[in-house]
Amino acid sequence: MTVFSGGSVLFGSAEAQTWAGNYVLFVVWFNFLAGFVYVVAAIGLWFGKGWAARLAGLIAIATAIVALGFVIVVFQGSAFELRTVGALALRFTFWAAVAWIANRAIRRT
């Protein structure tokens, strides 16, 4: 879903870009590229690989860094969509929780 939505804004029609509204380009690029990493992490987690738990943590950290950059851009007066705030918060929370749960599960095995 992330790959599709980000790809449609980056490579899609003017209509898709209009629908996205006041998007912040580096956030869209991050979300698009991170979508591929999400798939890799999910496959690794499915197969119980330890590296996937660490990758989930890296995804959470990277998302937090992008969110910080987003906040800086917004405070500098850039237009933005409020749904971006929610999306970044949701993604960070999800991947931080996945990383925490997966790392605890790995330590128990």
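Minimum interatomic distance between Ala102 and Ala53 (heavy atoms only, all atoms of both residues): CB-CB, 3.6 Å. The shortest heavy-atom contact between Ala20 and Val9 is CB-CG2, 3.7 Å. Taking each heavy atom of Ala60 and Ala96 in turn, the nearest pair found is CB-N, 3.7 Å. For the residue pair Ile106 and Gly50, the shortest heavy atom distance occurs at CD1-CA, 3.3 Å. Across all non-hydrogen atoms, the minimal contact from Trp51 to Val40 is CH2-O, 3.7 Å. Residues Leu10 and Gln17 come closest through the heavy atom pair O-NE2, 4.2 Å.
Residues Val66 and Val24 fall within the same hydrophobic cluster, defined by Ile, Leu, Val, Met, Phe, Trp and Tyr side chains chained together at heavy-atom separations under 4.5 Å. A continuous path of Ile, Leu, Val, Met, Phe, Trp and Tyr side chains, each step under 4.5 Å between heavy atoms, connects Leu33 with Leu25, placing both in one hydrophobic cluster. No continuous path of hydrophobic side-chain contacts links Ile59 to Ile43 [ILVMFWY only; heavy atoms under 4.5 Å].
Using a 4.5 Å heavy-atom cutoff, the side chains of Thr2 and Phe32 are not in contact. At least one side-chain heavy atom of Val98 sits under 4.5 Å from a side-chain heavy atom of Trp95.
Between Phe80 and Tyr23, a ring centre-to-centre spacing not shorter than 6.0 Å is recorded. Ring centers of Phe11 and Trp29: under 6.0 Å apart, within the cut-off.
Hydrophobic cluster of Ile65: the remaining members, joined at side-chain heavy-atom separations below 4.5 Å, are Ile61, listed by chain and number.
Partners of Phe75 by side-chain contact (heavy atoms from CB on, under 4.5 Å), not counting sequence neighbours, listed by chain and number: Val71. Under the side-chain contact (heavy atoms from CB on, under 4.5 Å) criterion, Leu90 pairs with no residue, sequence neighbours left out.
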### Query
Could you go step by step and tell me if Phe70 and Val85 meet the side chain to side chain contact (heavy atoms under 4.5 Å, CB included) rule?
CA-CA 9 Å; Phe70 174 76; Val85 176; 3.7 Å; yes
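Taking the centre and axis of the six-membered ring of Trp19, the NZ or CZ atom of Arg83 falls inside the cone set by 45° and 6.0 Å.
We find the CD1-OG distance between Ile72 and Ser78 to be 12.5 Å, quoted to the nearest 0.5 Å. Atom CZ in Arg54 sits 7.5 Å away from atom CG in Asn103 (nearest 0.5 Å). Remark: Ile101 CD1 to Leu45 CG distance equals 10.5 Å, nearest 0.5 Å. One finds the CZ atom of Phe30 at 8.0 Å from the CG atom of Leu88 (value rounded to the nearest 0.5 Å).
Applying the 6.0 Å contact sphere to CZ of Phe26 captures more than 12 heavy atoms from other residues, nucleotides or ligands.
Of the residues listed (Val74, Asn31, Val27), the one engaging Thr84 in a side chain to side chain contact (heavy atoms under 4.5 Å, CB included) is Val27, and it is the only one.
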